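Here the structure is a predicted model, which means the values were calculated and not measured.
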Amino acid sequence: MAAQKQLPRFVEFGKKIIGIGRNFSEHAVELGNAVPTEPVVFLKPSTAYITWPNPIKMPDGASEIHHEVELGLVIGTDGRNIPESAALSHIGGYVLALDMTDRILQMKLKSTGLPWALAKGFDTSCPVSDFIVKDKIPDPQEVDLWLKVNGKMRQEGNTKNMIFSIAFLVSWLSRHFTLERGDVILTGTPSGVGPVKVGDVIECGLGTVAKMSFPVVEGN
Ligand SMILES: O=C(O)/C=C/C(=O)CC(=O)C(=O)O
Ligand SMILES: [Mg+2]
């Protein structure tokens with residue numbers, strides 16, 4: 001466990017933020033997409049990270065940003081071509097994460113077949129909790145996800161309903177690029193995503209293991 005305990009400052013040396021999209025079928029369908037047969041992958045820059053008490057800043061010109069609550073995997077040990085059987089041993093711990101998304105911009109980009117980077121990567125688009133040691137989540141495939149806006153429940157799901165399992169995702173991603181200690185993999189959001197506006201407060205959690213809260217403010 002000593003190696004995992006060196007990770008709490010991973011945000012400062014965090015490397016890639018790897019997003020998995022459409023990993024819950026009800027969410028894929030709510031946005032009018034087919035259920036994927038292979039993982040859908042995007043990257044966010046590390047400048048997207050924020051931690052409490054910093055606010056989520058509405059990007060300039062954005063008309064609709066959406067909340068997406070997700071389980072984040074923190075890679076503890078570098079790996080390339082990781083077999084599925086060894087995948088969980090490369091996870092050093094977890095974070096509760098928000099994959100904030102400029103949905104209107106994403107829809108525009110999608111309609112012309114362009115990548116989602118600008119819609120997913122704005123500053124403050126990846127609020128994360130404190131690092132969660134691995135022991136606190138004995139089965140990452142059995143974790144409740146929930147999210148409220150201004151006290152009203154918007155998203156409720158469980159990681160058991162993922163289309164692609166966590167072990168599969170770590171293994172599959174590592175066949176495409178090296179996973180490095182400090183990388184965070186956002187594993188996808190359950191249904192119920194929706195817009196937030198300036199003045200709203202987002203509260204979310206991983207069952208009772210982790211909870212966080214972020215206000216939404218004007219950008220700059
Ligand atoms: O395909 C879309 O319209 C949108 C997909 C996402 O934003 C995917 C995710 O980030 C997710 O499922 O968590
Ligand atoms: Mg997402």
Side-chain angles (χ1 to χ4, degrees), residues 7-11 14 17 19-24 26-27 30-31 44 46-59 62-74 93-104 106 119-162 166 184-220:
L7 276 172
R9 289 174 59 80
F10 77 90
V11 168
I17 305 174
I20 300 296
R22 305 177 189 164
N23 199 24
F24 287 78
E26 284 179 11
H27 169 58
E30 76 179 340
L31 293 181
K44 282 181 189 262
S46 56
T47 43
Y49 278 128
I50 52 164
T51 50
W52 188 88
N54 295 294
I56 297 166
K57 292 184 181 168
M58 187 76 87
S63 53
E64 194 168 303
I65 64 166
H66 276 204
H67 54 76
E68 298 189 359
V69 63
E70 310 202 4
L71 172 66
L73 316 175
V74 183
Y94 303 94
V95 281
L96 166 61
L98 283 168
D99 170 19
M100 298 304 296
T101 303
D102 182 335
R103 194 69 74 200
I104 303 296
Q106 187 189 35
K120 290 285 194 183
F122 59 90
D123 286 3
T124 76
S125 65
C126 194
V128 290
S129 68
D130 285 345
F131 179 76
I132 301 166
V133 294
K134 207 169 171 183
D135 293 357
K136 286 227 170 156
I137 301 189
D139 181 359
Q141 223 59 80
E142 184 55 78
V143 179
D144 286 326
L145 294 159
W146 60 269
L147 179 142
K148 295 178 183 177
V149 177
N150 304 330
K152 195 166 171 234
M153 193 64 84
R154 291 261 192 104
Q155 287 189 269
E156 280 181 285
N158 187 289
T159 56
K160 71 179 176 211
N161 295 319
M162 286 178 181
I166 287 166
V184 168
I185 301 171
L186 306 176
T187 53
T189 198
S191 61
V193 300
V196 288
K197 57 185 188 317
V198 170
D200 285 349
V201 176
I202 303 174
E203 192 189 353
C204 58
L206 294 176
T208 54
V209 172
K211 186 172 151 177
M212 64 185 191
S213 170
F214 287 89
V216 181
V217 302
E218 291 285 4
N220 53 21

- Task: Could you tell me the separation between the CZ atom of Phe122 and the OG1 atom of Thr101, rounded to the nearest 0.5 Å?
- Result: 7.0 Å
- Begin from the C-alpha positions of Asp123 and Ile50 and carry the test side chain to side chain contact (heavy atoms under 4.5 Å, CB included) through to its verdict. CA-CA 8 Å; Asp123 286 3; Ile50 52 164; over 6 Å; no
- Message: Between His27 and Val193, is the side chain to side chain contact (heavy atoms under 4.5 Å, CB included) condition met? List the steps.
- Response: CA-CA 8 Å; His27 169 58; Val193 300; 3.7 Å; yes
- Task: Mind listing the closest non-hydrogen atom pair of Ser125 and Gly121 along with its distance?
- Result: OG-C, 3.7 Å
- Query: For the side chain of Asp200 and the backbone of Val216, is there at least one donor-acceptor N/O pair under 3.5 Å apart?
  - Reply: no
- Query: Would a 4.5 Å heavy-atom cut-off, applied to side chains only, mark Asn161 and Pro190 as touching?
  - Reply: no
- Check Lys136 against Val209 and note the closest heavy-atom contact, atom names and distance. O-CG2, 3.9 Å
- Message: Please find the pair of heavy atoms, one from Val69 and one from Gln155, that lie closest to each other, and give the distance.
- Response: N-OE1, 3.2 Å
- When His66, Glu68, His67 are each screened for side chain to side chain contact (heavy atoms under 4.5 Å, CB included) with Thr189, the one that passes is Glu68
- Identify the heavy atoms of Met212 and Val128 that sit nearest to each other, and give their distance. SD-C, 3.6 Å
- Message: The test is side chain to side chain contact (heavy atoms under 4.5 Å, CB included); show your working for Val184 and Tyr49 and say whether it passes.
- Response: CA-CA 11 Å; Val184 168; Tyr49 278 128; 3.1 Å; yes
- Using a 4.5 Å cut-off on heavy atoms from C-beta on, say whether the side chain of Pro59 contacts that of Ile65. yes
- Task: Give a yes or no answer on whether the side chain of Lys44 reaches the backbone of Lys120 with a donor-acceptor pair at less than 3.5 Å.
- Result: yes
- Query: For the residue pair Tyr94 and Leu71, what are the closest heavy atoms and their distance?
  - Reply: CD2-CD1, 3.9 Å
- Message: The test is side chain to side chain contact (heavy atoms under 4.5 Å, CB included); show your working for Asp130 and Thr51 and say whether it passes.
- Response: CA-CA 8 Å; Asp130 285 345; Thr51 50; 5.8 Å; no
- Gap separating the NZ atom of Lys211 from the CH2 atom of Trp146, nearest 0.5 angstrom: 5.0 Å
- Message: Keeping Asp144 on the side-chain end and Leu206 on the backbone end, is there a donor-acceptor pair under 3.5 Å?
- Response: no
- Pro195 versus Glu64, closest heavy-atom pair with distance: CB-CG, 3.5 Å
- Message: Pair Asp139, Lys160 - check salt bridge (Lys or Arg N to Asp or Glu O under 4.0 Å), show working.
- Response: CA-CA 10 Å; Asp139 181 359; Lys160 71 179 176 211; over 6 Å; no
- Item | Nearest-0.5 Å distance, CD of residue Glu142 to CD1 of residue Ile137 | 11.5 Å
- Give a yes or no on this: more than 12 heavy atoms of other residues, nucleotides or ligands lie within 6.0 Å of atom CD of Glu30. yes
- Task: Could you tell me the separation between the CD1 atom of Ile56 and the CE atom of Met100, rounded to the nearest 0.5 Å?
- Result: 4.5 Å
- Going from CD on Glu70 to SG on Cys204, what distance comes out if it is rounded to the nearest 0.5 angstrom? 10.5 Å
- Leu186 vs Cys126 side-chain heavy atoms within contact, under 4.5 Å: yes
- Side-chain (Gln141) to main-chain (Ile166) donor-acceptor, under 3.5 angstrom: yes
